[in-house]
Engineer: 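I'd like to ask you about the structure that follows.
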Amino acid sequence: MSKKIVILASGNGSNAEAIMRHFDSSTKIEVSSIISNNRQAGVFDRAKRFRVPCLWMDKKSFESDVVLDFLLTEQPDLIVLAGFLWKIPASLVQTFPNKIINIHPALLPKYGGKGMYGAHVHRAVKESGDAHTGITIHYVNEHYDEGGVVFQTQVEVVPADTPDTIAQKVHQLEHKHFPLIIEQLLTQ
Ligand code: GRF
């Protein structure tokens with residue numbers, strides 16, 4: 001039986017797509033479903049293209065046992081947060097220890113924590129004058145961006161970079177590495 005990934009995504013879903021594409025022809029690992037909290041999220045169209053069921057959940061369901069029950073039925077081997085903006089309830093973290101990972105678009109512990117997502121992160125990197133930024137893939141615990149680091153890699157930031165070009169560089173890194181790290185975690 002193939003190993004199952006459930007992805008949680010709030011937005012555009014380009015990382016979700018990179019993961020679905022990577023495992024599309026795999027016989028060992030599959031993206032079994034995607035959960036989104038945003039009906040308008042681009043991830044719905046992307047999921048459709050890969051014939052992956054995508055379901056929407058409101059905050060009440062997410063923070064109650066609805067999501068927990070769904071995941072207990074689904075029995076994923078890995079839960080992947082790919083641009084998911086809500087805090088993960090403690091009940092999920094406790095039920096799936098070391099089975100929930102997140103990708104953060106900077107080199108944690110820098111530029112992490114509540115409110116640090118998307119363009120906020122890249123603007124802060126630009127303003128800091130740092131010569132590098134990067135990505136962090138980490139386990140999820142009860143605190144934003146504080147779980148154990150699985151993988152980090154960096155990219156140069158040059159003076160001509162804008163928050164937008166930094167975002168592009170970071171997305172390229174994410175699409176390249178995130179599916180491979182997921183594969184490693186599921187096959188090690
Ligand atoms: C990514 O940059 C990821 O690091 C962050 O949210 C962004 C999601 O982008 N957590 P996308 O929706 O996968 O395009």
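Starting from 1, each residue takes its place in the sequence as its number. Atoms within a ligand are numbered from 1 in the order they appear, just like the ligands themselves.
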Engineer: Using a strict 4.0 Å cut-off to heavy atoms of Ile103, name the atoms of ligand 1 that fall inside it.
Structural biologist: 3 (C), 4 (O), 5 (C), 10 (N)

Engineer: Side chains of Thr133 and Tyr111: donor-acceptor distance under 3.5 Å anywhere?
Structural biologist: no

Engineer: Please check if Val80 and Phe23 belong to a single hydrophobic cluster, counting links between Ile, Leu, Val, Met, Phe, Trp and Tyr side chain heavy atoms closer than 4.5 Å.
Structural biologist: yes

Engineer: Identify the protein heavy atom lying closest to atom 9 (O) of ligand 1, giving its residue, its atom name and the separation to 0.1 Å.
Structural biologist: His171 NE2, 3.2 Å

Engineer: Around atom 7 (C) of ligand 1, find the nearest protein heavy atom and jot down its residue, atom name and distance.
Structural biologist: Gly83 CA, 4.1 Å

Engineer: Below the 3.5 angstrom mark, is there an N/O of Asn102, backbone or side chain, next to an N/O of ligand 1?
Structural biologist: no

Engineer: With the threshold set at under 4.0 angstrom, would you say Gly13 reaches ligand 1 through any of its heavy atoms?
Structural biologist: yes

Engineer: What atoms of ligand 1 come closer than 4.0 angstrom to any heavy atom of Glu174?
Structural biologist: 1 (C), 2 (O), 3 (C), 4 (O)

Engineer: My understanding is that only one of Lys126, Gln168, Lys169 makes a side chain to side chain donor-acceptor pair (under 3.5 Å) with Asp161; could you say which?
Structural biologist: Lys169

Engineer: Looking at Lys3 and Asp77, what are the two nearest heavy atoms and their distance?
Structural biologist: CA-OD2, 3.2 Å

Engineer: For ring-ring contact (aromatic ring centres under 6.0 Å, His included), just list the numbers for Phe84 and Phe62, CA-CA rounded to whole Å, side-chain angles, deciding distance to a tenth of an Å, and then say yes or no.
Structural biologist: CA-CA 12 Å; Phe84 189 69; Phe62 190 70; 5.2 Å; yes

Engineer: Side-chain heavy atoms under 4.5 angstrom apart, residues restricted to Ile, Leu, Val, Met, Phe, Trp, Tyr: same cluster for Leu92 and Leu72?
Structural biologist: yes

Engineer: Any nitrogen or oxygen of Phe84, side chain or backbone, less than 3.5 Å from one on ligand 1?
Structural biologist: no

Engineer: What are the atoms of ligand 1, with element, lying closer than 4.0 Å to any heavy atom of Ser14?
Structural biologist: 11 (P), 12 (O), 13 (O), 14 (O)

